[in-house]
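We're numbering straight along the sequence, starting at 1.
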Amino acid sequence: MKRICIYPSDVVYLLGKSQNASQTLLRTIKDAFEKEKHQVVTIKEFCDYMGLPFEEVFNMINSIKRGEESA
């Protein structure tokens, strides 16, 4: 199953940021898109905000095997 949302651990893997910086970035993106606390950030929203190519990021995130991103 393909994921459409992005989590701090994905941002750590993609951008090499710390866990704390990744959480802060996703909170900033939530604010920018006026999302409520319980709502998630989609990969598309993340890419739009960061100016990254959606298809490339989507494929990278969906090719990560859970637990592998910290390796």
Can you measure from [atom1] ([X]) to [atom2] ([Y]) and round to the nearest 0.5 angstrom?
X: I29; Y: T24; atom1: CD1; atom2: OG1; result: 11.0 Å
X: S63; Y: F58; atom1: OG; atom2: CZ; result: 10.5 Å
X: N62; Y: M1; atom1: CG; atom2: CE; result: 11.0 Å
X: Y7; Y: Q19; atom1: OH; atom2: CD; result: 13.0 Å
X: R3; Y: T42; atom1: CZ; atom2: OG1; result: 12.0 Å
X: E45; Y: I6; atom1: CD; atom2: CD1; result: 10.5 Å

4.5 Å side-chain heavy-atom contact, [X] and [Y]:
X: M50; Y: V57; result: no
X: F33; Y: Q39; result: no
X: T28; Y: Y49; result: yes

Quiz prompt | Matching residue for F46 among D10, I61, L14 - test: side-chain contact (heavy atoms from CB on, under 4.5 Å) | solution =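 In the set D10, I61, L14, the residue that makes a side-chain contact (heavy atoms from CB on, under 4.5 Å) with F46 is L14.
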Quiz prompt | Side-chain donor or acceptor of K30 paired with backbone N/O of K37 under 3.5 Å | solution = yes
Quiz item: Can you get from F54 to L26 by hopping between Ile, Leu, Val, Met, Phe, Trp and Tyr side chains that sit under 4.5 Å apart?
Solution: yes
Quiz item: Are I4 and V40 connected in the hydrophobic side-chain network, where two residues link if heavy atoms are under 4.5 Å apart?
Solution: no
Quiz item: What is the minimum heavy-atom distance between S22 and P8, and which atoms define it?
Solution: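 For S22 and P8, the tightest heavy-atom pair comes out as CB-O, 3.5 Å.
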Practice problem: Assess whether salt bridge (charged side-chain N to carboxylate O under 4.0 Å, His left out) is satisfied between R27 and D31, documenting all intermediate values. | Solution: CA-CA 6 Å; R27 274 194 301 272; D31 289 343; over 6 Å; no
Practice problem: Kindly indicate, with the supporting measurements, whether the criterion side chain to side chain contact (heavy atoms under 4.5 Å, CB included) is fulfilled by D48 and K44. | Solution: CA-CA 6 Å; D48 288 347; K44 173 107 175 70; 3.1 Å; yes
